[in-house]
Each structure stands twice: as structure tokens, then as C-alpha cells.
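Encoded as C-alpha cells, the structure appears first; notes follow it.
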Amino acid sequence: MLIFFDPDLYQIIFLTLYVSGSAVILAALIGVPAGTWLGMQPPRKVRFLTLFIYTLMGLPPVVGGLVVFMLLSRRGMLGFLGLLYTPTAMIIAQVLLAVPIIIGLTSVAVRSKGKEMQETLLSLGAERRLILWTIMREARFGILGALIAGFGRIIAEVGAVIMVGGNIAGRTRVMTTAIVLEVGMGNMAFALALGLILLVIAFAIYAVLYRIQSGGSDE
């Protein structure tokens with residue numbers, strides 16, 4: 001398929017990368033600051049909120065998809081935007097699934113680094129902005145791990161995106177929904193080939209992220 005430059009397959013691959021890439025960037029913009037704030041708070045003060053975030057980390061994709069579907073449907077609060085069955089709706093659903101993971105894991109990374117460092121910087125008279133930046137820098141590998149986990153959650157997700165995207169050929173069909181379609185049609189070999197391509201793409205992306213996480217070294 002790749003060798004013969006199948007335009008439909010390349011369109012599906014491009015849309016998969018566009019939807020998942022956009023979703024993880026938006027989720028990072030929301031989740032990293034929120035997780036950093038959560039990690040810097042006294043655990044007793046944010047106990048309930050932390051448990052709520054941990055619960056959402058295991059949110060079933062079909063439930064997340066149902067929430068987005070209800071919001072974007074014609075009678076929903078955001079139905080007037082006409083986003084249902086578009087790539088934008090798929091991005092919103094994936095952001096909803098990735099944000100709790102990024103918040104939760106970022107807060108753990110920051111909390112493990114932050115308390116002692118925060119006290120030290122405060123004793124030195126550092127401003128809050130400098131304290132925040134320093135803690136985020138020290139916890140950057142943990143934060144990157146949170147982004148990797150968030151991306152892993154959404155790149156293989158199918159339940160939510162097929163619910164709000166509709167699996168429309170040429171418009172909202174991504175790798176995972178294409179696999180579901182091919183399995184339903186009995187084209188197991190083609191579905192398996194799509195799965196292998198998805199794994200190769202994920203491996204290439206993770207290899208880059210692993211390189212960054214290890215500081216450019218394989219040791």
C-alpha cells in the first residue's frame with residue numbers, strides 16, 4: 001500500500017497524525033500548567049481534586065465520546081457550531097481523554113521534585129515565576145513522560161473518535177476507524193496491514209520522544 005502510493009491510505013495517515021498531533025498539543029497546553037499547579041499544592045488541600053483527576057485518567061473512551069457527542073449534537077449546548085462528524089470534533093474528544101492523564105502524571109512529577117526545591121528557592125527570595133519555571137525544568141522528563149502517555153492514549157483510540165467523527169471516507173476516517181471498518185467487512189489481511197502501519201508510525205514517534213527524554217543519549 002505504501003509502496004504503491006495509495007492516495008487514500010496517505011490521506012488516512014495524514015488525518016491520523018493531524019488529529020492526534022493537534023489533540024496532544026492542545027492537551028499539553030491545558031494539562032501541563034494545570035498539573036504543575038496541582039503538584040505544587042499541599043496534598044491535603046487538593047486531595048479530592050487529585051482523586052477526581054485520577055478517576056478521569058481511566059475514563060472509558062466511549063463515555064468521553066458520548067459527552068462530546070451530546071455537546072456537539074444538534075440539540076447540544078455547542079450544536080450551533082456544526083462540529084459533529086468533523087476532525088475538530090475528533091480532536092475535542094481526544095483532548096478530553098488526554099488532559100486528565102497529562103494533569104495527573106505531571107502533578108506527580110512536579111510533586112516529587114517541587115517541595116524541597118520550592119522551599120529552597122523561597123528561602124533565597126526567588127519570585128514565584130522563577131520558582132515555577134525551575135520546578136518545571138527539573139521535572140521536565142516526568143512531564144515528557146506524561147505527554148508520551150497522553151499521546152499513547154489517543155493515537156490508538158477508536159471508540160470516541162468513531163462516535164463523534166462518524167468514520168466518513170475522505171473526511172474523518174483515521175487509522176483506527178479504518179481498521180474497525182475493514183474487520184467489519186471481513187478484510188482481515190488489510191486490517192492487519194493497517195495495524196502494522198499504525199505501530200510503525202507510533203514506534204517512529206516514540207523513538208524521537210525517547211531520544212528527547214534521554215537527553216539525546218542512548219546510554
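Positions are given from 1 along the sequence. Remember, predicted model here, so these are calculated numbers, not experimental data. Every heavy atom of this structure was used, including side-chain atoms; hydrogens, water molecules and symmetry mates were not.
Through side-chain heavy atoms spaced under 4.5 Å, either directly or across other Ile, Leu, Val, Met, Phe, Trp or Tyr residues, Leu181 is tied to Met185. Ile101 forms part of a hydrophobic cluster together with Tyr54, Met57, Leu105, Val108, judged by ILVMFWY side-chain heavy-atom separations under 4.5 Å.
For the residue pair Leu97 and Pro61, the shortest heavy atom distance occurs at CD2-CA, 3.9 Å. Of all non-hydrogen atoms in Ala98 and Gly150, the two that sit nearest each other are CB-O, 4.1 Å. The minimum heavy-atom distance linking Thr106 with Ala146 is given by the pair OG1-CB, 3.6 Å. Nearest heavy atom pair, residue Ser22 against residue Ile91, reads CB-CD1, 3.7 Å. Shortest non-hydrogen contact noted between Ser20 and Ile155 is OG-CD1, 3.6 Å. Looking at every heavy atom in both residues, Phe80 comes nearest to Met77 through CE2-O, 3.4 Å.
Here side chain to side chain donor-acceptor pair (under 3.5 Å) pairs that include residues 176-204, with residues two or more places apart or in two chains, are Asn167-Thr177, Glu182-Asn187.
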Report the C-alpha separation of Met40 and Leu132 in whole Å, then their side-chain angles, then the decisive distance to 0.1 Å, and conclude whether the side-chain contact (heavy atoms from CB on, under 4.5 Å) test is met. CA-CA 9 Å; Met40 293 180 66; Leu132 181 63; 3.5 Å; yes
Stepwise, does the side-chain contact (heavy atoms from CB on, under 4.5 Å) test hold for Arg173 with Ile168? CA-CA 5 Å; Arg173 182 165 296 166; Ile168 304 171; over 6 Å; no
Test side-chain contact (heavy atoms from CB on, under 4.5 Å) on Ile92 and Val164; report intermediate values, then the result. CA-CA 9 Å; Ile92 294 172; Val164 301; over 6 Å; no
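Looking at heavy atoms from C-beta onward, Leu9 lies in side-chain contact with Ile197 at the 4.5 angstrom threshold. Side-chain contact between Val32 and Leu147 is present, with heavy atoms from C-beta onward closer than 4.5 Å. Side-chain contact between Leu26 and Gln94 is absent, with no heavy-atom pair separated by less than 4.5 Å. Side chains of Leu17 and Ile205 form a contact here, defined as non-hydrogen atoms less than 4.5 Å apart.
No continuous path of ILVMFWY side-chain contacts below 4.5 Å connects Val180 to Val174, so the two sit in separate hydrophobic clusters. Leu194 and Met188 end up in the same hydrophobic cluster when Ile, Leu, Val, Met, Phe, Trp and Tyr side chains are linked at under 4.5 Å. Linking ILVMFWY residues whenever their side-chain heavy atoms come closer than 4.5 Å, directly or via other members, places Val68 and Leu81 in the same cluster. Leu196 and Phe14 are not part of a single hydrophobic cluster, where members link through side-chain heavy atoms under 4.5 Å apart. Hydrophobic clustering, with ILVMFWY side chains joined whenever heavy atoms are under 4.5 angstrom apart, groups Ile25 together with Ile201.
Note that OG1 of Thr50 and CG of Leu38 are 4.0 Å apart. Values are rounded to the nearest 0.5 Å. Distance OG1/Thr36 to CD1/Ile103: 10.0 Å, rounded to 0.5 Å. A distance of 7.5 Å separates CG in Leu72 from OG1 in Thr86, rounded to the nearest 0.5 Å. The CZ atom of Phe151 lies 12.5 Å from the CG atom of Leu144; values are rounded to the nearest 0.5 Å. Within the model, atoms CG of Leu56 and CG of Leu96 stand 8.0 Å from one another, a figure rounded to the nearest 0.5 Å. Distance check, rounded to the nearest 0.5 Å: CD of Glu138 to CD1 of Ile143 gives 10.5 Å.
Within the 3.5 Å criterion, the main-chain N or O of Val161 finds a donor-acceptor partner in the side chain of Glu157. The backbone N or O of Val99 sits nowhere less than 3.5 Å from a side-chain atom of Arg153 that would complete a donor-acceptor pair. Side-chain N or O atoms of Thr16 include one that pairs as donor or acceptor with a backbone N or O of Met175 at under 3.5 Å. For Tyr85 (side chain) and Arg171 (main-chain N/O), no donor-acceptor pair under 3.5 Å exists by modelled atom type.
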